[in-house]
Amino acid sequence: RMGYLNDTVYLSAYMRYFQWWNLLRLTRLFAGIKPSQLNVPDNGVCLDIGCGPLTVPIALWLARPDLREKKLTWYCLDHSQTALSLGEELYLAIAARTIADLGSARTIAGSASAGNALEPWRIVRVKGELGVALRQRAHLVTAANVFNEVVEESGKPPEFTAKRAAD
């Protein structure tokens with residue numbers, strides 16, 4: 001039972017407070033990045049290390065309508081299967097609402113087209129830790145909070161832990 005998100009009390013607190021705070025700060029960050037700096041191809045593969053409750057994919061979905069148009073596969077890696085499951089439920093609810101709202105807006109504007117239907121990104125939950133092998137090479141790799149947490153938990157000098165995690 002590694003990782004604090006495997007503890008129900010900590011996971012509940014995280015979902016109640018920190019998830020929303022992290023979504024706020026990450027959506028602001030991602031909204032300010034130029035599209036050329038997030039050059040993920042259609043049918044691209046993304047990896048979020050230490051994904052927790054899918055905070056990065058949710059924030060990107062909210063902040064980047066240009067990425068919503070792409071079919072992406074997200075490998076979401078974390079120690080906590082429960083956090084991954086909760087995050088996927090939240091992501092799918094947000095994506096469904098966004099897609100429904102966009103469909104309504106397109107219908108009102110008279111530009112609805114069946115061939116342009118949005119779909120949620122594909123989520124592949126991976127229970128594991130840094131270094132786990134994936135089936136595909138990622139075009140985008142994110143790690144929003146994992147490195148500061150790895151350093152805090154290791155008890156070794158930050159330089160040692162950061163180099164080991166980066167390798």
Taking only residues two or more places apart in sequence, or in another chain, which ones meet Leu62 in a side-chain contact (heavy atoms from CB on, under 4.5 Å)?
Thr27, Ile58, Ile94

What closest approach, in Å, do Ala59 and Leu26 show between heavy atoms, and which atom pair accounts for it?
CB-CB, 3.7 Å

Could you walk me through whether Lys127 and His79 satisfy the side-chain contact (heavy atoms from CB on, under 4.5 Å) test, starting with their C-alpha distance in whole Å, then the side-chain angles of each, then the deciding distance to 0.1 Å, before giving a yes or no?
CA-CA 5 Å; Lys127 185 176 189 280; His79 288 139; 5.9 Å; no

In the structure I gave you, are the side-chain heavy atoms of Leu38 and Leu67 within less than 4.5 Å of one another anywhere?
yes

When you check the side-chain N and O atoms of Thr98 and Arg68, is any donor under 3.5 Å from an acceptor?
no

As a quick check of understanding, evaluate side-chain contact (heavy atoms from CB on, under 4.5 Å) for Ser85 and Arg125, giving each step before the final call.
CA-CA 8 Å; Ser85 296; Arg125 292 181 283 175; 2.4 Å; yes

Connecting only ILVMFWY residues whose side-chain heavy atoms lie within less than 4.5 Å of each other, what is the rest of Trp21's hydrophobic cluster?
Leu24

Check whether any side-chain heavy atom of Cys76 sits under 4.5 Å from a side-chain heavy atom of Pro57, and report yes or no.
yes

Kindly check if the number of other-residue, nucleotide or ligand heavy atoms within 6.0 Å of NZ (Lys70) is above 12?
yes

Can you name the residues that form a side-chain contact (heavy atoms from CB on, under 4.5 Å) with Glu89, not counting sequence neighbours?
none

Using the salt bridge (Lys or Arg N to Asp or Glu O under 4.0 Å) criterion, which residues pair with Arg64? Sequence neighbours excluded.
Asp66

Sequence neighbours excluded and cut-off under 3.5 Å, please list the side-chain donor-acceptor pairs for residues 12-19, or say none.
| from | atom 1 | to | atom 2 | distance (Å) |
| --- | --- | --- | --- | --- |
| Ser12 | OG | Thr8 | O | 2.9 |
| Tyr14 | OH | Asn22 | ND2 | 2.9 |
| Gln19 | OE1 | Thr55 | OG1 | 2.7 |
| Gln19 | NE2 | Pro53 | O | 3.2 |

What distance do Leu47 atom CG and Leu140 atom CG have between them, rounded to the nearest 0.5 Å?
8.5 Å

Arg25 atom CZ, over 12 foreign heavy atoms within 6.0 Å
yes

Looking only at heavy atoms, which two atoms of Val40 and His139 are closest? And how far apart?
CG1-CB, 4.4 Å

Shortest non-hydrogen contact between Pro120 and Ala95, atoms and distance:
CB-CB, 4.1 Å

Going by side-chain contact (heavy atoms from CB on, under 4.5 Å), name the residues that satisfy it together with Val124, two or more places apart in sequence or in a different chain.
Thr73, Tyr75, Arg122, Val126

Pair listing, side-chain hydrogen bond (donor to acceptor under 3.5 Å, both in side chains) test, anchored in residues 31-47, at least two apart:
none

Return each pair, listed once, that meets ring-ring contact (aromatic ring centres under 6.0 Å, His included) where at least one residue sits in residues 22-46; pairs must be two or more places apart or across chains.
none

Taking every heavy atom of Leu72 against every heavy atom of Pro41, the minimum-distance pair comes out as CD2-O, 3.6 Å

Rounding to 0.5 Å, atoms CG (Leu92) and CG (Leu90) come to a distance of 9.0 Å

Under the side-chain contact (heavy atoms from CB on, under 4.5 Å) criterion, do Trp74 and Val56 qualify, and how do the steps go?
CA-CA 10 Å; Trp74 275 93; Val56 168; 4.0 Å; yes

For residues Leu77 and Gly128, report the shortest heavy-atom separation together with the two atoms involved.
CD1-C, 3.5 Å

The criterion is side chain to side chain donor-acceptor pair (under 3.5 Å); which residues satisfy it with Trp121, sequence neighbours excluded?
none

Checking Thr82 now: which residues fulfil side chain to side chain donor-acceptor pair (under 3.5 Å) with it, not counting sequence neighbours?
none

Residue set satisfying salt bridge (Lys or Arg N to Asp or Glu O under 4.0 Å) with Arg137, at least two apart, ordered chain then number -> none

Can you give me the closest heavy-atom contact between Leu84 and Gly52, atom names plus distance?
CD2-O, 3.5 Å

Listed by chain and number, what are the side chain to side chain donor-acceptor pair (under 3.5 Å) partners of Asp48, not counting sequence neighbours?
Thr142

